[in-house]
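Heads up: the structure comes next, in structure tokens.
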2 protein chains.
Amino acid sequence: MNAPTISHINCADCPIRHRAVCARCESDELAALDSIKYYRSYEAGQPIIWSGDQMNFVGSVVSGIATLTQTMEDGRTQMVGLLLPSDFVGRPGRDGAAYNVVATTDLVMCCFRKKPFEEMMVTTPHIAHRLLEMTLDELDAAREWMLVLGRKTAREKIASLLAIIARRDASLTPGGAVNEMTFDLPLTREAMADYLGLTLETVSRQMSALKKDGVIALEGKRRVTVPDMGNLLEEAGDDSDGGFLM
Amino acid sequence: MNAPTISHINCADCPIRHRAVCARCESDELAALDSIKYYRSYEAGQPIIWSGDQMNFVGSVVSGIATLTQTMEDGRTQMVGLLLPSDFVGRPGRDGAAYNVVATTDLVMCCFRKKPFEEMMVTTPHIAHRLLEMTLDELDAAREWMLVLGRKTAREKIASLLAIIARRDASLTPGGAVNEMTFDLPLTREAMADYLGLTLETVSRQMSALKKDGVIALEGKRRVTVPDMGNLLEEAGDDSDGGFLM
DNA sequence: GCCTCGGCTTGATCCATGTCAAAGTGCTAC
DNA sequence: GTAGCACTTTGACATGGATCAAGCCGAGGC
């Protein structure tokens with residue numbers, strides 16, 4: 001997970017990775033944000049926030065992966081979001097957390113205490129505006145995922161997830177859209193199942209099927225090569241598609 | 001659908017029904033909003049916006065029901081939102097619509113042309129702030145619905161939908177939470193199926209089953225009585241639950 | 001080198017829900 | 001009244017994915 005040294009990651013000099021908060025900020029606003037930020041590290045598997053907890057910060061992921069999940073009393077769980085580097089966590093204006101947030105790899109977050117952050121939102125319209133934009137993006141992504149959960153077959157679901165991760169990976173790697181792509185799956189089969197509303201057995205079977213049909217190739221369990229992205233998108237049953245960027 | 005006469009519905013004197021935009025606005029801001037608003041009527045079945053269309057207004061539902069849907073090329077469709085009176089439609093800062101919006105009953109909307117509305121957002125922080133809050137609510141609702149779509153059984157899905165509509169209805173009827181409730185289903189079985197990721201036959205069967213088991217009673221096809229809301233919530237497999245307010 | 005353990009794969013079987021088909025209900029137009 | 005139509009219910013059957021169960025693979029510990 002090539003964790004960057006923390007000194008390289010801050011609001012003033014990493015607007016791309018840190019686009020969640022900073023992309024549109026003016027430099028004096030950046031300095032103001034810098035003055036209230038701090039870093040936190042979590043180990044793989046460690047919970048970051050528990051649903052219903054008081055949440056006294058907002059922030060964005062610097063490195064590592066976290067998941068947002070909801071759980072029913074009987075243990076059925078559904079992942080409702082995947083947090084990759086640069087994604088934002090937090091609900092300005094809300095007290096409690098609505099989901100469980102768990103680090104699935106070692107993870108570093110750049111945090112802002114909630115109170116001062118909210119005060120800044122009032123004084124610097126750029127931040128509030130950017131936050132609205134981000135929330136609209138997440139809403140689009142969540143609704144796109146509703147189509148996946150409600151109407152797609154297991155095979156299409158897997159293909160959709162792979163496409164999202166591939167696209168997301170590509171956007172971090174400058175150079176843009178090539179036809180062939182290779183990336184590491186940041187999720188266990190069980191986590192994929194929780195994302196897709198399937199069982200881990202079905203995920204495993206469909207991965208095998210896609211491999212047999214040449215849609216993907218696997219090195220080990222986690223490293224995926226997609227020989228032809230167009231092919232994968234077709235399997236996913238969608239071409240338009242704005243992606244699931246959270 | 002007891003459509004109110006239009007003269008009774010405007011931003012200055014109906015803050016409750018119209019809470020989408022007005023709840024927190026100061027009176028001079030209300031006047032400003034009033035100056036750019038206009039009304040539009042749609043007939044049952046009429047599309048309001050087509051996915052991908054340019055969208056030159058935002059607004060909120062005054063009376064009637066509309067649905068947000070996504071459709072795959074082969075015709076599978078998933079409803080991603082249900083718009084009831086007071087709900088907001090629109091994506092300030094975005095050009096194209098992301099979903100199909102269709103009036104399922106005769107419908108009246110209170111609209112604001114997008115450009116002036118966006119200008120007002122810049123000058124009146126209350127509006128921008130309120131909009132962020134609403135978008136966060138919708139995001140929560142969408143994510144809650146992901147759990148329904150991904151992990152609940154057909155029976156639980158139906159119960160969840162009935163619970164949402166009942167709760168929503170109750171919040172419009174002052175008097176608050178009683179144990180017994182009666183309301184009209186604003187959706188056909190097919191629309192329910194599209195919301196729940198089921199077929200209309202399954203919806204019909206599960207409605208019959210819930211009726212046979214005394215969880216609900218039906219007068220005709222559409223009028224539903226819930227003798228015990230607690231019971232229904234238990235069937236839905238959830239008690240906490242913030243509802244699906246869109 | 002072998003053991004253990006977590007994650008993954010594969011097989012056999014079951015069942016919830018989809019699919020296809022027919023018939024029922026109630027409303028509107030004539 | 002009755003013909004037509006949209007919506008709904010119900011039945012019979014098919015099937016995708018869940019469940020239960022066994023075994024595989026690779027990494028780390030001793």
Side-chain angles (χ1 to χ4, degrees), chain A residues 43-45 65 67 72 74-78 104-105 148-162 184-213 216-224 235 237, chain B residues 43-45 65 67 72 74-78 102 104-106 148-162 184-213 216-224 235 237:
Chain A
E43 287 174 20
I65 313 270
T67 60
M72 294 172 64
D74 60 11
R76 282 177 280 178
T77 93
Q78 174 66 49
T104 57
T105 64
V148 173
L149 290 173
R151 291 302 187 192
K152 292 195 178 177
T153 65
R155 175 186 263 241
E156 289 170 333
K157 285 179 174 181
I158 301 279
S160 300
L161 177 56
L162 293 176
D184 279 315
L185 269 180
L187 301 172
T188 65
R189 300 291 186 253
E190 183 175 25
M192 292 173 69
D194 282 344
Y195 210 173
L196 297 167
L198 298 170
T199 58
L200 77 165
E201 292 97 328
T202 299
V203 170
S204 181
R205 276 186 246 275
Q206 297 295 340
M207 290 288 288
S208 301
L210 288 175
K211 179 180 169 188
K212 183 158 70 70
D213 298 347
I216 60 174
L218 292 171
E219 295 168 51
K221 315 290 185 189
R222 295 297 191 87
R223 191 151 193 80
V224 179
E235 289 285 350
Chain B
E43 287 174 19
I65 312 271
T67 60
M72 296 172 65
D74 61 10
R76 281 178 280 177
T77 93
Q78 175 67 50
V102 180
T104 58
T105 64
D106 289 350
V148 173
L149 291 173
R151 292 302 185 191
K152 291 195 179 178
T153 65
R155 175 185 263 244
E156 289 169 332
K157 285 179 174 181
I158 301 279
S160 299
L161 178 56
L162 293 176
D184 279 314
L185 268 180
L187 301 172
T188 65
R189 300 285 124 104
E190 184 176 25
M192 292 172 69
D194 282 344
Y195 210 173
L196 298 167
L198 298 171
T199 59
L200 64 123
E201 292 96 328
T202 299
V203 170
S204 182
R205 276 187 246 275
Q206 296 296 340
M207 290 287 289
S208 300
L210 288 174
K211 179 179 168 186
K212 182 158 70 71
D213 298 347
I216 60 174
L218 292 171
E219 296 167 49
K221 315 288 185 190
R222 296 296 190 86
R223 190 151 194 83
V224 178
E235 288 286 349

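Note that this is a predicted model, so its numbers are computed, not measured.
Put simply, B:T199 has no side-chain N or O that comes within less than 4.0 Å of OP1 or OP2 on C:dT17. Close to D:dA18, at under 4.0 Å from its OP1 or OP2, lies a side-chain N or O of A:T202.
Backbone-only engagement by A:R222 is indicated by non-hydrogen atom pairs under 4.0 Å involving sugar-phosphate atoms exclusively. B:T188 comes within contact range of the sugar-phosphate backbone alone, with a heavy-atom separation under 4.0 Å but no base atom that close. Within 4.0 Å of B:G197, counting heavy atoms only, lie sugar-phosphate atoms of the nucleic acid but no base atom. Contacts of A:L200 with the nucleic acid, taken as non-hydrogen atoms under 4.0 Å apart, are absent.
Summarising the geometry, the separation between CG on A:L218 and P on C:dG7 is reported as 18 Å, rounded to the nearest angstrom. The interatomic distance linking B:E201 (CD) with C:dA16 (P) rounds to 18 Å, in whole Å. The distance from atom NZ of A:K152 to atom P of C:dG18 is 18 Å, rounded to the nearest whole Å. Across the protein-nucleic acid pair, B:M207 atom CE and D:dT10 atom P stand 12 Å apart, rounded to whole Å. One interatomic measurement links the two molecules: CD1 of A:I158 to C1' of D:dG17, which rounds to 12 Å at whole-angstrom precision. When the C1' atom of C:dG7 is taken as reference, atom CG of A:D194 falls 14 Å away, rounded to whole Å. What separates CZ of A:R151 from C1' of D:dG16 is a distance of 15 Å, to the nearest Å. In this entry the distance linking CZ of A:R189 with C1' of D:dG17 reads 18 Å, nearest Å.
At distances below 3.5 Å, at least one donor-acceptor pair connects side-chain atoms of B:R76 with backbone N or O atoms of A:R151.
Interface remark: the B:E190 side chain does not form any donor-acceptor pair with the D:dC7 base, using a distance-only criterion of under 3.5 Å. Within 3.5 Å, no donor on the side chain of A:R205 pairs with an acceptor on the base of D:dG16, nor the reverse.
Considering only the side chain of A:S204, C:dC8 comes nearest among C:dT17, D:dT10, C:dC8. Comparing D:dT9, D:dA18, D:dG17 by their closest approach to the side chain of A:Q206 singles out D:dG17. With D:dT19, C:dG18, D:dT10 as the candidates, the nucleotide lying closest to the side chain of B:S208 is D:dT10.
No more than 12 heavy atoms of other residues, nucleotides or ligands shown are found within 6.0 angstrom of CD on A:E190.
Among all heavy-atom pairs drawn from A:K152 and A:S160, the shortest one is NZ-OG, 3.2 Å.
A side chain to side chain contact (heavy atoms under 4.5 Å, CB included) with B:Q78 holds for exactly one of B:L196, B:D194, B:L149; it is B:L149.
Between A:K221 and A:V203, the one whose closest nucleotide on DNA chain D sits nearer the 5' end is A:V203.
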Under the side chain to side chain contact (heavy atoms under 4.5 Å, CB included) criterion, do B:V148 and B:E156 qualify, and how do the steps go? CA-CA 8 Å; B:V148 173; B:E156 289 169 332; over 6 Å; no

